[in-house]
Asker: 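First the structure, then my questions, so here it is.
For this chain, numbers begin at 1 and follow the sequence in order. Quick note: numbers below take in every heavy atom, side chains included, and nothing from hydrogens, waters or symmetry partners. Fair warning: this is a prediction, and the values are worked out from it, not measured in the lab.
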Amino acid sequence: MTYTANQLRTALTNEYQHLCHDTHDVDDMTAEQYAAYLAPLSYDELVFETSTDEHFTLDEYMSTYS
């Protein structure tokens with residue numbers, strides 16, 4: 001399936017918020033800062049940020065975090 005860059009940004013932000021929920025470190029970016037970090041990234045860079053591979057596919061990632 002094909003996803004838009006905005007769908008990837010939303011899923012990445014959701015994952016970030018999920019991961020930081022219980023283990024927030026003062027040095028971590030806020031959700032807003034992370035969203036600003038993602039904003040200029042290209043589609044390929046966003047896919048790279050998902051850290052998906054043949055074991056945890058992009059479709060599985062999107063199903064989990066979108």
Side-chain angles (χ1 to χ4, degrees):
M1 181 165 205
T2 302
Y3 302 98
T4 67
N6 283 338
Q7 288 173 310
L8 290 170
R9 286 183 187 96
T10 298
L12 284 161
T13 300
N14 290 343
E15 176 194 30
Y16 188 79
Q17 290 175 331
H18 174 77
L19 294 174
C20 289
H21 182 263
D22 293 329
T23 60
H24 182 71
D25 187 326
V26 294
D27 294 330
D28 289 342
M29 289 184 267
T30 65
E32 293 79 18
Q33 290 169 324
Y34 187 66
Y37 161 76
L38 296 174
L41 297 184
S42 70
Y43 181 87
D44 290 338
E45 291 169 324
L46 291 166
V47 171
F48 180 79
E49 286 289 318
T50 66
S51 299
T52 54
D53 57 20
E54 67 274 2
H55 302 291
F56 186 58
T57 67
L58 185 58
D59 286 337
E60 291 171 319
Y61 179 89
M62 294 301 289
S63 176
T64 302
Y65 294 110
S66 63

Asker: Applying side-chain hydrogen bond (donor to acceptor under 3.5 Å, both in side chains), can you list everything that pairs with Ser63, at least two apart in sequence or on another chain?
Answerer: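 Scan of Ser63 (side-chain hydrogen bond (donor to acceptor under 3.5 Å, both in side chains), adjacent residues dropped) gives none.
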Asker: Is there a side-chain contact between Tyr16 and Leu12 (heavy atoms, below 4.5 Å)?
Answerer: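 With C-beta onward as the side chain, the pair stays apart.
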Asker: Just how far is it from atom CD of Glu45 to atom CG of Leu8, taken to the nearest 0.5 Å?
Answerer: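 Those atoms lie 12.0 Å apart.
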Asker: If you round to the nearest 0.5 Å, how far is OG1 of Thr10 from CD of Glu15?
Answerer: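 Atom-to-atom, Glu15:CD and Thr10:OG1 are 13.0 Å apart.
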Asker: Looking only at heavy atoms, which two atoms of Arg9 and Ala39 are closest? And how far apart?
Answerer: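 Distance-wise, the nearest heavy atoms are NH2-O, 3.0 Å.
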Asker: Can you list everything that forms a side-chain hydrogen bond (donor to acceptor under 3.5 Å, both in side chains) with Thr13? Sequence neighbours excluded, please.
Answerer: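 None.
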Asker: Return the minimal non-hydrogen interatomic distance between Gln7 and Met62, and the atom names on each side.
Answerer: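 Nearest heavy atoms, Gln7 then Met62: O-CE, 3.5 Å.
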Asker: Considering non-hydrogen atoms only, spot the tightest contact between Asp28 and Cys20 and give its length.
Answerer: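 Closest heavy-atom pair between Asp28 and Cys20: OD2-SG, 4.0 Å.
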Asker: For Tyr61, what residues pass the ring-ring contact (aromatic ring centres under 6.0 Å, His included) criterion, not counting sequence neighbours?
Answerer: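 For Tyr61, the residues satisfying ring-ring contact (aromatic ring centres under 6.0 Å, His included) (neighbours in sequence not counted) are Tyr65.
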Asker: Kindly write out the residues that satisfy ring-ring contact (aromatic ring centres under 6.0 Å, His included) with Phe56, not counting sequence neighbours, or none if the list is empty.
Answerer: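 Applying ring-ring contact (aromatic ring centres under 6.0 Å, His included) to Phe56 gives none.
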Asker: Do Phe48 and Leu41 come close enough that some side-chain heavy atom pair is under 4.5 Å?
Answerer: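 Phe48 vs Leu41: side chains apart.
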Asker: Holding to side-chain hydrogen bond (donor to acceptor under 3.5 Å, both in side chains), I want the full list of residues that pass it with Tyr3, two or more places apart in sequence or in another chain.
Answerer: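 Checked Tyr3 against side-chain hydrogen bond (donor to acceptor under 3.5 Å, both in side chains); matches are Asp59.
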Asker: Checking Tyr37 now: which residues fulfil side-chain hydrogen bond (donor to acceptor under 3.5 Å, both in side chains) with it, not counting sequence neighbours?
Answerer: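 For Tyr37 the side-chain hydrogen bond (donor to acceptor under 3.5 Å, both in side chains) partners, ignoring immediate neighbours, are Glu49.
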Asker: Starting at CG of Leu38, measure out to CE of Met29 and round the result to the nearest 0.5 Å.
Answerer: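 Going from the CG atom of Leu38 to the CE atom of Met29 covers 7.5 Å.
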